[in-house]
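Let me begin by presenting the structure, written as structure tokens, before commenting on it.
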Amino acid sequence: MTATALHTQTMVHFSRKRMAALALPVIVLAYFVYIFFAFDIPGLGDRINVGNARTLVADAYSYKTHVTQDNRDGAFSVAIEGERKGAYEAGTAPDWVTLGDRPVADLGGGHIVTFGPQVSYDIPGYGTIVAEPGQRGVQATFPPGDIPDYISASKNRVMINTEAGRLTITRNRTEVFKYDYGWELFFFTLDSPYHGLGPVALMGRAFSGEAGAILHDFWTNRMWRHSDVAWALYETLLMAFLGTFGAAIIALPLGFLAAKNFTPLRSLRFAARRMFDFLRGVDGLIWTIVLSRAFGPGPLTGALAILLTDTGSFGKMFSEALENVDGKQIEGIASTGAKSLQRYRFGVLPQIVPVLLSQVLYFLESNTRSATIIGAITGGGIGLLLTQAIATQKDWEEVTYYIVLIVLMVMAMDSFSGWLRRKLINGDEGGH
């Protein structure tokens with residue numbers, strides 16, 4: 001080959017490499033451009049509702065107190081989150097509400113709402129709004145000048161949304177929403193004798209013999225339903241446990257059928273492997289929907305859905321582990337005159353148990369998360385409570401509560417499975 005031809009070939013080779021190096025960034029760029037338009041990223045700004053997002057975040061770490069006046073008969077009520085279970089008894093109210101012929105709500109920072117036949121709202125820096133609700137609608141008078149953006153007024157409704165709270169006036173109702181930090185009534189409801197007591201006072205009551213009553217009032221809290229939440233967590237863990245270990249028990253003998261060194265008959269291996277492909281090829285959520293139609297809602301349906309999906313996954317993993325066992329160890333056991341079951345017990349299982357336990361415990365941890373979603377579909381576990389709280393579009397602090405519990409449950413299962421894996425496989429209880 002001449003020097004010119006060699007030089008030409010070298011240049012062609014480098015040109016191809018350079019084109020290949022440039023092609024990858026172009027493909028990646030084209031992919032992101034496709035995503036940008038396919039998912040309508042330019043229209044995202046039009047779909048975002050900042051106000052709703054702000055309200056959602058505020059509801060996660062705070063609570064609303066509803067101060068309500070019935071404009072038809074003058075009935076007055078105060079309730080946490082507007083629920084009857086959180087309603088103040090007649091003649092009682094929080095410190096910032098003054099009762100009387102014309103109740104007054106002091107929202108703080110100079111924001112004062114006065115109830116009665118005429119409702120007034122003193123807004124610092126703006127003035128006083130006076131409204132008279134009745135059969136003709138809501139007759140409202142505003143200070144001179146343009147109406148600010150935080151005020152929405154029509155013939156039948158006036159809504160004022162300030163940083164101190166929200167006032168809504170219609171023909172039939174006047175209602176004030178005031179946000180406060182925390183999860184009110186999380187420990188004790190208003191009808192409990194322990195509501196409003198500080199930690200020191202509670203400890204004193206507990207040491208004086210009222211520990212059982214304190215625990216009972218907390219456990220039977222009607223608003224936060226701690227006992228129901230604890231039972232839902234138990235159902236979620238039970239679904240994950242029964243589904244995971246049930247699948248492992250079923251998949252182990254089937255794994256021998258799918259392993260070529262234990263099942264010479266090819267047709268049996270093919271049938272076992274295709275069954276595993278079918279079971280794990282159908283997602284657990286699909287199995288959940290199918291089984292819920294057959295067995296009805298409940299945690300048992302969720303456990304069966306996990307069992308079917310994991311049987312396919314475990315069967316494949318177990319069969320591959322069995323095909324990689326050391327045959328010499330089995331031959332050594334056989335040379336002692338051991339029967340088939342004894343060869344499996346002492347020659348096979350000791351080799352695959354570490355792999356099996358590691359996979360089973362990992363799936364147990366993963367299925368703890370999956371059981372939450374499955375429970376939302378089958379009507380069991382913490383997933384059901386979570387979807388119910390989301391569906392109300394009202395008490396997002398409960399949604400936050402359930403999410404925190406789910407995260408803590410997953411973290412606990414992760415720590416427990418890791419400790420158990422070290423204990424059983426490595427014999428290391430401390431993890432060092």
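These figures come from a predicted structure and were not determined experimentally.
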Item to complete: Would you mind reporting whether Ile382 and Glu235 have side-chain heavy atoms less than 4.5 Å apart?
Response: no

Item to complete: Would you confirm whether Thr263, through its side chain, and Leu257, through its main-chain N or O, come within 3.5 Å as a donor-acceptor pair?
Response: yes

Worksheet item: Under 6.0 Å from the OH atom of Tyr362, do we count more than 12 heavy atoms belonging to anything else shown?
Response: no

Worksheet item: Just by distance, do the side chain of Thr92 and the backbone of Glu89 share a donor-acceptor pair under 3.5 Å?
Response: yes

Worksheet item: Which atoms form the tightest heavy-atom contact between Asn71 and Thr174, and what is the distance?
Response: OD1-OG1, 3.0 Å

Fill in: Side chain to side chain, Glu81 and Glu398, heavy atoms closer than 4.5 Å
no

Worksheet item: Within the distance-only criterion (no hydrogens, no angle test), does the side chain of Glu323 pair as donor or acceptor with the backbone N or O of Lys260 below 3.5 angstrom?
Response: yes

Worksheet entry | Non-hydrogen side-chain atoms of Arg269 and Leu265 separated by less than 4.5 Å | no

Response to the item:
Nearest heavy-atom approach of Phe314 to Ala248 is CD1-N, 3.6 Å

Worksheet item: Passes side-chain contact (heavy atoms from CB on, under 4.5 Å), Glu83 versus Met223? Steps please.
Response: CA-CA 9 Å; Glu83 294 191 20; Met223 286 195 66; 4.0 Å; yes

Worksheet item: Relative to Phe276, does Arg274 satisfy both conditions: NZ or CZ under 6.0 angstrom from the six-membered ring centre, and within 45 degrees of the ring's axis?
Response: no

Worksheet item: So does Arg280 pair up with Asp310, basic N to acidic O under 4.0 Å?
Response: no

Worksheet item: Which pair of non-hydrogen atoms, one from Ile169 and one from Ala131, has the smallest distance, and what is that distance?
Response: CD1-CB, 3.7 Å

Discussion item. Any heavy-atom pair between the side chains of Thr400 and Trp183 that's under 4.5 Å?
Written reply: yes

Discussion item. Counting C-beta onward and ignoring hydrogens, is there a side-chain heavy-atom pair between Leu237 and Tyr234 closer than 4.5 Å?
Written reply: no

Practice prompt. Check whether the ring centres of Trp219 and Phe187 lie less than 6.0 Å apart, and answer yes or no.
Written response: no

Fill in: Over 12 foreign heavy atoms within 6.0 Å of CG, Asp149
no

Item to complete: Quick one: list whatever passes side chain to side chain contact (heavy atoms under 4.5 Å, CB included) with Arg157, sequence neighbours left out.
Response: Ser154, Met159, Thr168, Thr170

Worksheet item: Would Asn221 and Thr189 count as having a side-chain donor-acceptor pair, cut-off 3.5 Å?
Response: no

Worksheet item: Is a side-chain donor-acceptor pair under 3.5 Å present for Ser77 with Tyr88?
Response: no

Fill in: Side-chain donor/acceptor of Asn367 to backbone N/O of Phe363, under 3.5 Å
yes

Worksheet item: Taking the six-membered ring for Trp, are Phe186 and His226 ring centroids under 6.0 Å apart?
Response: yes

Item to complete: Using the salt bridge (charged side-chain N to carboxylate O under 4.0 Å, His left out) rule, take Arg222 and Asp191 through it: C-alpha gap first, then chi angles, then the decisive distance, then the call.
Response: CA-CA 10 Å; Arg222 292 181 300 156; Asp191 57 352; 3.3 Å; yes

Worksheet item: Thr301 side chain to Gly296 main-chain N or O, any donor-acceptor pair under 3.5 Å?
Response: yes

Worksheet item: How are the rings of Phe245 and Phe241 set to each other: parallel, tilted or perpendicular (split at 30° and 60°)?
Response: tilted

Worksheet item: So how far is it from Leu408 CG to Leu233 CG, rounded to the nearest 0.5 Å?
Response: 9.5 Å

Practice prompt. Taking all non-hydrogen atoms of both residues into account, name the closest pair between Asp217 and Ser192 and its distance.
Written response: OD2-OG, 2.7 Å

Worksheet, complete the sentence: One should read off an interatomic distance between Leu356 CG and Phe318 CZ, to the nearest 0.5 angstrom, of 3.5 Å

Worksheet item: Is there side-chain contact between Leu291 and Leu308, with at least one heavy-atom pair below 4.5 Å?
Response: yes

Worksheet item: Do the non-hydrogen side-chain atoms of Lys155 and Val138 ever get within less than 4.5 Å of each other?
Response: no

Worksheet item: Could you state the interatomic distance from CD1 (Ile249) to CG (Leu307), rounded to the nearest 0.5 Å?
Response: 9.0 Å

Worksheet entry | Stepwise side-chain contact (heavy atoms from CB on, under 4.5 Å) test for Lys178 and His111 | CA-CA 11 Å; Lys178 183 178 183 297; His111 291 259; over 6 Å; no

Worksheet item: What is the minimum heavy-atom distance between Gly383 and Ala376, and which atoms define it?
Response: O-CB, 3.6 Å

Fill in: Worked verdict on Tyr63 versus Trp224 for ring pair (Phe, Tyr, Trp, His ring centres under 6.0 Å)
CA-CA 13 Å; Tyr63 66 95; Trp224 290 88; 9.8 Å; no

Discussion item. Are Phe76 and Phe115, when compared by the centres of their aromatic rings, separated by less than 6.0 Å?
Written reply: yes

Worksheet, complete the sentence: One should read off an interatomic distance between Leu361 CG and Ser366 OG, to the nearest 0.5 angstrom, of 12.5 Å

Discussion item. Trp287 vs Asp283, test: side-chain contact (heavy atoms from CB on, under 4.5 Å). Steps then yes/no.
Written reply: CA-CA 7 Å; Trp287 282 122; Asp283 190 78; over 6 Å; no

Worksheet item: What do the steps show when you test Val176 against Tyr121 for side-chain contact (heavy atoms from CB on, under 4.5 Å), and what is the final call?
Response: CA-CA 10 Å; Val176 168; Tyr121 186 1; over 6 Å; no

Worksheet item: Do the side chain of Asp70 and the main chain of Arg173 share a donor and acceptor less than 3.5 angstrom apart?
Response: no

Worksheet, complete the sentence: CG of Leu107 to OG1 of Thr162, rounded to nearest 0.5 Å, is 6.5 Å

Discussion item. Can you give me the closest heavy-atom contact between Thr368 and Thr372, atom names plus distance?
Written reply: O-OG1, 3.5 Å

Fill in: Short side-chain donor-acceptor distance under 3.5 Å, Glu163 and Tyr150
no

Worksheet item: Relative to the ring of Tyr61, is the ring of Tyr181 parallel (under 30°), tilted (30 to 60°) or perpendicular (over 60°)?
Response: parallel

Worksheet item: Hey, is the main chain of Ile306 close enough, under 3.5 Å, to the side chain of Thr309 for a donor-acceptor pair?
Response: no

Practice prompt. Take atom NE2 of His195 as the centre, draw a 6.0 Å sphere, and report whether it contains more than 12 heavy atoms from other residues, nucleotides or ligands.
Written response: yes

Discussion item. Over 60° means perpendicular and under 30° means parallel, so tell me whether His66 and Phe177 are parallel, tilted or perpendicular.
Written reply: tilted

Worksheet item: Heavy atoms, side chains only, cut-off 4.5 Å: are Ile160 and Ile123 in contact?
Response: yes

Worksheet, complete the sentence: To the nearest 0.5 Å, atom OG of Ser358 lies from atom CE of Met317 at 9.5 Å

